[in-house]
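To keep things clear, I will list the structure first and then write my remarks on it.
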Amino acid sequence: MKRIGVLTSGGDCSGINATLKAIVEEAYKNNIRVTGFLEGYNGLVNDLAIELTPMQVSGVLQRGGTILMTSRCEEFMQESGFNKALKTLKEEKIEGLIVIGGDGSLRGAKKLAEAGVLCVGIPESIDNDIYGTDMALGVDTALNIITDAIDIIRDTASSHKRAFVIETMGRESGYLALMSAMASGAEAVLIPEIDYDIDSIMKRLKSEHERGRKYSIVVIAEGVKKTQEVAEKLKVEAGFDTRLTILGHIQRGGNPSVFDRTLGMRMGIKAVQSLINKKSSVIGLQGSDLKNVPYDVVFSNKKVFNEMMLEFARLKSR
Ligand code: ADP
Ligand code: F6P
């Protein structure tokens with residue numbers, strides 16, 4: 001194998017640059033050159049290729065974002081765009097491709113693998129909604145950012161005896177909301193995966209206030225789509241002095257945590273080794289090991305919370 005390609009696609013996260021560094025260094029160790037395609041699948045469709053050398057990935061390990069840039073590329077989803085991507089891979093003499101991205105990007109990788117491209121996927125999404133890996137890249141950093149933010153908000157909330165509604169990211173997944181609620185001792189959490197009872201939450205929070213609690217923190221996943229409504233209810237119906245904080249994209253940037261740096265580097269090394277061993281698959285963290293998870297397994301299963309976390313969610317959502 002003489003040359004491999006790599007691209008980063010979809011929503012970004014922290015830890016991607018560490019992964020890119022490991023990919024380039026592992027490839028060079030095996031006398032393989034690396035082409036980086038800029039802007040996700042757009043770089044394949046429109047041949048935006050650059051040479052990635054160890055020099056270019058030095059000093060990037062600790063930086064958030066992706067030096068290769070990312071995008072959402074409609075054209076790649078069309079037959080003509082997909083064929084252009086295949087043509088680019090041929091013209092650039094790419095013998096194996098690594099796609100770093102979330103659910104959608106990995107579906108694209110699966111399609112490439114089905115078209116005969118040796119293609120390995122690295123799961124990256126702060127939502128942690130990809131089956132086959134206990135943790136996707138970027139989740140741990142996002143959780144640390146959210147937990148730090150809630151700790152900060154708690155200080156001011158308690159000085160004013162206020163209720164705070166805090167919205168985390170998570171389009172369809174409550175993972176960030178649930179784990180950060182547990183890690184920060186939030187009084188209530190609402191996630192898309194389970195039913196909640198806002199009246200019962202309000203009753204509970206009111207009775208806790210009456211017994212002397214100085215503040216209440218309610219964490220809501222973006223996917224519940226009820227953040228404003230809940231804040232309004234707490235204010236108007238329960239009479240809390242309520243404030244609302246939408247954490248937004250601060251959850252997607254920043255220096256990666258030690259966990260994400262090392263996870264990214266390990267996944268990068270494993271991805272290159274998987275290409276050398278001709279294993280088209282998704283790299284999954286299972287326990288403490290990295291596995292080659294077949295694309296079919298990733299996409300024919302749904303990631304679910306374990307019973308302990310579900311029980312915690314039920315307790316905090318009524
Ligand atoms: P993420 O990878 O973060 O989930 P998206 O769902 O937006 O982000 O997907 C990123 C890109 O991956 C899309 O813009 C598209 O180019 C490609 N993609 C998404 N879904 C598919 C699919 N089913 N088949 C082929 N390519 C896809
Ligand atoms: O999929 C990851 C994610 O961070 C979601 O939690 C969020 O809804 C979405 O990306 C936002 O993406 P963007 O602002 O890039 O469209």
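Counting starts at 1 for both ligands and their atoms, following the listed order. Computed from a predicted structure; not experimentally measured.
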With heavy-atom distances below 4.5 Å as the criterion, would you say the side chains of K161 and Y215 are in contact?
no
Who's the nearest protein heavy-atom neighbour of atom 11 (C) of ligand 1, and how far?
S9 OG, 3.6 Å
Does I98 reach the side chain of T19, with side-chain heavy atoms less than 4.5 Å apart?
no
Inter-residue atom distance R213.CZ - S207.OG, 0.5 Å rounding:
10.0 Å
Protein heavy atom at shortest distance from atom 25 (C) of ligand 1:
G108 CA, 3.5 Å
Judged on heavy-atom distance to atom 13 (C) of ligand 1, which of C73, G11, G104 sits nearest?
C73
Would you please determine whether S125 falls within less than 4.0 Å of ligand 1 on a heavy-atom basis?
no
Which of parallel (below 30°), tilted (30 to 60°) and perpendicular (above 60°) describes F82 and F76?
tilted
Short N/O distance, under 3.5 Å, between R107 and ligand 1?
no
For K233, is there an ion pair with E229 - N to carboxylate O distance below 4.0 angstrom?
no
for atom 10 (C) of ligand 1, nearest protein heavy atom and its distance come out as S105 OG, 3.5 Å
By number and element, which atoms of ligand 1 are closer than 4.0 Å to a non-hydrogen atom of G102?
1 (P), 2 (O), 3 (O), 4 (O)
Please give me the minimum heavy-atom distance between Y41 and V99, naming the atom from each residue.
OH-CG1, 3.4 Å
Going by an N to O cut-off under 4.0 Å, is there a salt bridge joining E311 and R314?
yes
Between E75 and K84, is the closest basic N to carboxylate O distance under 4.0 Å?
yes
Between ligand 2 and the protein, which N/O pairs fall short of 3.5 Å?
| residue | atom | partner | partner atom | Å |
| --- | --- | --- | --- | --- |
| ligand 2 | 1 (O) | D127 | OD2 | 3.1 |
| ligand 2 | 1 (O) | R171 | NH2 | 3.3 |
| ligand 2 | 4 (O) | R252 | NH1 | 3.1 |
| ligand 2 | 6 (O) | D127 | OD1 | 2.7 |
| ligand 2 | 6 (O) | D127 | OD2 | 3.2 |
| ligand 2 | 6 (O) | G170 | N | 3.0 |
| ligand 2 | 8 (O) | E222 | OE1 | 2.9 |
| ligand 2 | 8 (O) | E222 | OE2 | 2.9 |
| ligand 2 | 10 (O) | R252 | NH1 | 3.0 |
| ligand 2 | 12 (O) | R252 | NH1 | 3.1 |
| ligand 2 | 14 (O) | H249 | NE2 | 2.7 |
| ligand 2 | 15 (O) | R72 | NH1 | 2.9 |
| ligand 2 | 15 (O) | R252 | NH1 | 3.4 |
| ligand 2 | 15 (O) | R252 | NH2 | 2.9 |
| ligand 2 | 16 (O) | R72 | NH1 | 3.0 |

With a 4.0 Å cut-off on N to O distance, would you call R162 and D241 a salt bridge?
yes
Could you tell me the residue and atom name of the protein heavy atom closest to atom 8 (O) of ligand 1, and the distance to it rounded to 0.1 Å?
G10 CA, 3.5 Å
In plain terms, say whether K87 and E91 are close enough for a salt bridge, that is, a side-chain N and a carboxylate O under 4.0 Å apart.
yes
Check: D127 and E172 side chains under 4.5 Å, non-hydrogen atoms:
no
Run the numbers for me: atoms of ligand 1, each under 4.0 Å from some heavy atom of Y41, listed by number.
12 (O), 16 (O), 17 (C)
Mode of M77 contact toward ligand 1 - side chain, backbone, both, neither (heavy atoms, under 4.0 Å):
side chain
Decide whether an N or O pair under 3.5 Å exists between F76 and ligand 1.
no
If you measure from the Lys or Arg side-chain nitrogens to the Asp or Glu carboxylate oxygens, is any gap between E114 and K110 under 4.0 Å?
yes
Heavy atom of the protein closest to atom 7 (O) of ligand 1 (residue, atom name, distance):
R72 NE, 2.9 Å
